**Student:** 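Have a look at this one before I ask anything.
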Protein chains: 2
Amino acid sequence: MERNEIDDSALELIASRFRLLAEPMRLKILHVLGDGEMNVGELVAATGANQANVSKHLGILLDAGVVSRRKDGLRSNYSVTDESIFALCDVVCSRLERQLDLHREALATIRQT
Amino acid sequence: MERNEIDDSALELIASRFRLLAEPMRLKILHVLGDGEMNVGELVAATGANQANVSKHLGILLDAGVVSRRKDGLRSNYSVTDESIFALCDVVCSRLERQLDLHREALATIRQT
DNA sequence: TGACTATATCACTATATCGTTATATAGTCA
DNA sequence: TGACTATATAACGATATAGTGATATAGTCA
């Protein structure tokens, strides 16, 4: 492997991590789970989504190792184990806010000329 | 809007930011652009991808405000304007490395028992 | 045991988007 | 002007995946 060349499988790995967060519903689930452990029923109520859909997304997050599952009788309790998720969202939010600020400034500048 | 409820359009905005980085080819282009401004031909050579494909991805990155374009005659020179991209990749890479370490440790533990 | 409940999974449709070929656009230079 | 070049765009097939209704699975409790 050449220096400064990037391994395609590494790229795919990184991309798949971002793909995980590229769905609004998964972001919503993770945000809700930020308050602490919750079972599927509670998540369905909190997100307003279909039970099958919530379960599917939880399965995807579980496979990726972002959340963990604690079974208790009929219930499945999920919680976030990968806190770096929140760091990523913070970076994105800050950047988006800054971008909006810049646009606002640009508009103001145009108006006053 | 309720407190602690998240606006769906905000979720979509954040998700779209992650979606931008959820493609190996775009990550490759951004990584190459990390070394400095480059035109499309150079990027085609550096990535080994099809010209139409590189142009399309550059267009997407441009629309998102992640890169900027400086036209010079026939050439289009692109450069990264949103450095937060690299911060995001760093967080993901660190986390992936850590996850691999944990798996390695787990395997080692099993072996020695 | 049998009715009931919570969750996971299956099968399916709808949609988004990647990569590609062909072509349009626009700048350069003889 | 006309041939040539660099980039952007259009059109299209292939693939991935989100959301949904139906159903399987497995635990609970009378």
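Everything numeric in this text was worked out from a predicted model, so none of it was measured. Sequence lines set the chain letters: A, B, ... in the order given, protein chains first and strands last, and positions in each chain run from 1.
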**Student:** Would you kindly give the CG-to-P distance between B:Leu20 and C:dT17, to the nearest whole Å?
**Tutor:** 11 Å
**Student:** Can you tell me the distance, in whole Å, between the CD atom of A:Glu12 and the C1' atom of C:dC18?
**Tutor:** 12 Å
**Student:** Please confirm whether the backbone N or O of B:Ala64 pairs with a side-chain atom of B:Arg17, one donor and one acceptor, at under 3.5 Å?
**Tutor:** yes
**Student:** Could you tell me whether B:Ser76 contacts a base, only the sugar-phosphate backbone, or nothing, with contacts defined as non-hydrogen atoms closer than 4.0 Å?
**Tutor:** sugar-phosphate
**Student:** Side-chain contact, heavy-atom cut-off 4.5 Å: A:Asp8 with B:Lys28?
**Tutor:** yes
**Student:** Any carboxylate oxygen within less than 4.0 angstrom of a Lys/Arg side-chain nitrogen, looking at B:Arg104 and B:Glu97?
**Tutor:** no
**Student:** So does A:Val66 get a backbone contact from the side chain of A:Thr81, meaning a donor-acceptor N/O pair under 3.5 Å?
**Tutor:** yes
**Student:** Rounded to the Å, how far apart are B:Leu27 CG and C:dC18 P?
**Tutor:** 12 Å
**Student:** Can you check the A:Leu58 CG to C:dT7 C1' distance for me, whole Å?
**Tutor:** 10 Å
**Student:** Would you check if the side chain of B:Arg19 reaches a backbone N or O of A:Ala22 as a donor-acceptor pair within less than 3.5 Å?
**Tutor:** yes
**Student:** With DNA chain C as reference, determine whether A:Ala52 or A:Arg75 sits nearer its 5' end, using the nearest nucleotide of each.
**Tutor:** A:Arg75
**Student:** Whether A:Glu83 and B:Arg95 form a salt bridge (side-chain N of Lys/Arg under 4.0 Å from carboxylate O of Asp/Glu) is what I want to check.
**Tutor:** no
**Student:** Base, sugar-phosphate, or nothing: which does A:Ile60 touch, judged by heavy atoms less than 4.0 Å apart?
**Tutor:** sugar-phosphate
**Student:** What range of DNA chain D does chain A touch, first nucleotide to last, counting atoms under 4.0 Å from its heavy atoms?
**Tutor:** D:dT17 to D:dT28
**Student:** Are the side chain of A:Ser55 and the backbone N or O of A:Ala52 linked by a donor-acceptor pair below 3.5 Å?
**Tutor:** no
**Student:** Start at the 5' end of DNA chain D and walk down; is the nucleotide closest to B:Tyr78 or to A:Asn53 reached first?
**Tutor:** B:Tyr78
**Student:** Any donor-acceptor pair under 3.5 Å linking the side chain of B:Arg26 with the backbone of B:Leu20?
**Tutor:** yes
**Student:** Hey, does A:Glu23 reach any base, or is it just sugar-phosphate, or nothing, if we go heavy atoms under 4.0 Å?
**Tutor:** sugar-phosphate
**Student:** Take the protein atom CG of B:Leu61 and the nucleotide atom P of C:dT17, then report the distance between them rounded to whole Å.
**Tutor:** 14 Å
**Student:** Does A:Lys56 or A:Leu74 map to a spot on DNA chain D nearer the 5' end, using the closest nucleotide for each?
**Tutor:** A:Lys56
**Student:** How many whole angstroms separate atom NE2 of B:His57 from atom P of C:dT17?
**Tutor:** 12 Å
**Student:** Return one dot-bracket line describing DNA chain D 5' to 3' (Watson-Crick or G-U wobble pairs, both distances under 3.5 Å; ( ) same strand, [ ] crossing, | another strand, . none).
**Tutor:** ||||||||||||||||||||||||||||||
**Student:** For B:Asn50 and C:dT21, what is the distance between atoms CG and P respectively, to the nearest whole Å?
**Tutor:** 6 Å
**Student:** B:Arg19 CZ to C:dT15 P: how many Å, rounded?
**Tutor:** 16 Å
**Student:** Which atom pair, heavy atoms only, marks the closest approach of A:Val44 to A:Ala49?
**Tutor:** CG1-O, 3.2 Å
